[in-house]
Chemist: 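My questions all concern the structure below.
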Amino acid sequence: EEAINKSLYYQAFEKMDAASLKFGDSKIVVIIDDLDRCFPENALHLLEGLKLVLTQKNFIFVLGLDLRTISSFISNKYPGDISISGHEYLEKLFQVTFQIPDYTHLINGYVEDLIKKYMGAKVLKDFRVLIETIGILCRNNPRSVKRFLNNLFIDRAISLNRPELADIPIIQFGVARALQMHWPHVADVLQFNDDGICEQLIEVSKQKNKKDRNSELSKLANEKHNTAHVYQEILKDRLLQDVLFSQASISWLSSELRQTAWTLLRDRPIELRDMNVNIGIAFSPPAIGRIIDCGKENTACLGIGAQSA
């Protein structure tokens, strides 16, 4: 009996009963968010433990989780067992589920709001050509959008501490980082301007008609030189074309500071270490902190398990 009294679950039940009595008929809501970010074993242990307390009177349990992730945790724990389905397990556990609505059609406005709030209206005007592209590059994920913009804050902060980079518009860092993050092979070739590819792309950009532009790219892709495969990749990827042939990108490709900017992006961890407290001069840490707050994935599922009083 003494061992039972000291057990974790027994103490939990006692405390929950006491809380229920203390608040009378009021409901006690327990919110558990981001369960899908736990290690699989920890997430499953928590779910198994929750099953024991879901019947506690006047308690409501609200869980925020990615349904696909948690379902995969369950399926992987019982491989080959067709009687156990992750979705079915969760359906039996929760009485009510809510799917967060699709918000991809709102992402461009979200990007605009963040840029205007943290970078200003002038920067927003420069970024118009990239706003839709940022959403697509970040897979319409608010967390990825904020991460992308946070990187631009830091890039710009470092550049302001280096006189030779202070005049580079932040939109050019946006182009460079987009290429670096999503087309690293293309970015490497552009960084070193192999076979004069930057000048070639500037010439191609003068073709305002997309059909004529693709015709020029096709010619370059079929020529025998080391960068032919890059032109082939550009030709096949419309999103990459939108980025490369934007006004900001052409300005960046023709800039003498392009190579220096690439060096900054490559060496940024070293730069941050050396800047120490001076980084606070370039941007406001509280603002960065607020931007880093991230929203839910559109696959998130809100599950509720409750005991009806």
Side-chain angles (χ1 to χ4, degrees), residues 8-9 12 16 27-56 59-114 118 131-152 177-178 181-184 239 288-307:
L8 179 62
Y9 284 118
M16 293 176 78
K27 305 299 181 186
I28 300 173
V29 181
V30 180
I31 300 175
I32 302 172
D33 197 12
D34 292 332
L35 186 62
D36 48 281
R37 294 196 191 181
C38 295
F39 287 114
E41 283 298 317
N42 293 341
L44 295 181
H45 283 157
L46 191 148
L47 285 175
E48 290 166 357
L50 273 179
K51 286 193 297 184
L52 300 176
V53 297
L54 287 179
T55 56
Q56 285 293 110
F59 273 84
I60 298 175
F61 293 87
V62 181
L63 275 73
L65 53 87
D66 185 313
L67 184 61
R68 293 175 303 181
T69 302
I70 299 298
S71 296
S72 69
F73 288 172
I74 296 167
S75 300
N76 290 334
K77 184 173 181 179
Y78 304 102
D81 189 340
I82 59 174
S83 66
I84 299 177
S85 160
H87 281 77
E88 290 176 355
Y89 180 94
L90 293 171
E91 284 178 358
K92 291 178 180 178
L93 191 61
F94 301 119
Q95 294 176 347
V96 183
T97 60
F98 299 96
Q99 203 76 23
I100 294 179
D102 179 38
Y103 50 72
T104 54
H105 62 290
L106 302 173
I107 206 71
N108 289 348
Y110 179 69
V111 174
E112 286 188 23
D113 289 344
L114 286 177
Y118 295 105
I131 283 177
E132 186 174 348
T133 303
I134 290 173
I136 296 172
L137 290 176
C138 296
R139 298 178 178 85
N140 293 318
N141 182 310
R143 183 180 295 111
S144 297
V145 167
K146 290 176 179 178
R147 186 182 301 116
F148 182 88
L149 295 178
N150 262 347
N151 275 308
L152 294 188
R177 184 155 293 283
M181 289 172 61
H182 298 278
W183 298 281
L239 180 59
I288 291 291
R290 286 196 297 274
I291 282 190
I292 288 176
D293 291 339
C294 293
K296 283 291 176 191
E297 307 274 356
N298 60 355
T299 55
C301 173
L302 183 65
I304 297 181
Q307 162 69 20

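Along the sequence shown, residues carry numbers from 1.
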Chemist: With rounding to the nearest 0.5 angstrom, report the CG to CD1 distance, Asn108 to Ile131.
Modeler: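 If I round to the nearest 0.5 Å, the distance is 7.5 Å.
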Chemist: Determine whether Leu114 and Phe148 satisfy the following criterion, side chain to side chain contact (heavy atoms under 4.5 Å, CB included), listing intermediate values before the conclusion.
Modeler: CA-CA 11 Å; Leu114 286 177; Phe148 182 88; over 6 Å; no
Chemist: Nearest 0.5 Å, please: how far is OG in Ser144 from CD1 in Ile134?
Modeler: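 If we round to the nearest 0.5 Å, Ile134:CD1 and Ser144:OG are 12.5 Å apart.
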Chemist: Kindly determine whether Val145 and Leu149 satisfy side chain to side chain contact (heavy atoms under 4.5 Å, CB included), including the steps that lead there.
Modeler: CA-CA 6 Å; Val145 167; Leu149 295 178; 4.1 Å; yes
Chemist: Name all residues meeting the side-chain hydrogen bond (donor to acceptor under 3.5 Å, both in side chains) criterion together with Glu91; count only those two or more places apart in sequence or in a different chain, and write none if there are none.
Modeler: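 Glu91 satisfies side-chain hydrogen bond (donor to acceptor under 3.5 Å, both in side chains) with no residue once adjacent residues are dropped.
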Chemist: If you take all heavy atoms of Leu54 and Phe61, which pair is closest and at what distance?
Modeler: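 Shortest heavy-atom contact: CD2-CD1, 3.5 Å.
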Chemist: Hey, are the side chains of Leu35 and Ile70 touching, using non-hydrogen atoms and a 4.5 Å cut-off?
Modeler: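 With C-beta onward as the side chain, the pair touches.
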Chemist: Return the set of residues passing salt bridge (Lys or Arg N to Asp or Glu O under 4.0 Å) with Lys77 (not counting sequence neighbours), or none when no residue passes.
Modeler: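 For Lys77, the residues satisfying salt bridge (Lys or Arg N to Asp or Glu O under 4.0 Å) (neighbours in sequence not counted) are Glu48.
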Chemist: When rounded to the nearest 0.5 angstrom, what is the spacing between NE2 in His45 and CD in Glu41?
Modeler: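 So the NE2 of His45 and the CD of Glu41 are separated by 5.0 Å.
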Chemist: Enter the distance from Ile28:CD1 to Gln56:CD here, rounded to the nearest 0.5 Å.
Modeler: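 Answer for the CD1-CD pair, Ile28 versus Gln56, is 9.5 Å.
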Chemist: Quick one: pull up OG1 in Thr104 and CG in Asn141 and give me the separation to the nearest 0.5 Å.
Modeler: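 Atom-to-atom, Thr104:OG1 and Asn141:CG are 11.5 Å apart.
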Chemist: Would you name the heavy atoms of Tyr103 and Asn140 that are closest together and state the gap between them?
Modeler: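 Heavy atoms only, the tightest pair is CE1-O, 3.4 Å.
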Chemist: Could you tell me the separation between the CD1 atom of Ile100 and the CG atom of Asp66, rounded to the nearest 0.5 Å?
Modeler: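 Here the interatomic distance stands at 9.5 Å.
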Chemist: Val53 versus Val30: any side-chain heavy-atom pair under 4.5 Å?
Modeler: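 No, side chains not in contact.
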Chemist: Could you pull out all residues at least two apart from Asn76 that satisfy side-chain contact (heavy atoms from CB on, under 4.5 Å)?
Modeler: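 For Asn76, the residues satisfying side-chain contact (heavy atoms from CB on, under 4.5 Å) (neighbours in sequence not counted) are Ser72.
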Chemist: Applying side chain to side chain contact (heavy atoms under 4.5 Å, CB included), run through Leu90 and Thr97 and close with a yes or a no.
Modeler: CA-CA 9 Å; Leu90 293 171; Thr97 60; over 6 Å; no
Chemist: Between Leu44 and Phe73, what is the shortest heavy-atom contact and its length?
Modeler: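 What the structure gives for the nearest pair is CD1-O, 3.7 Å.
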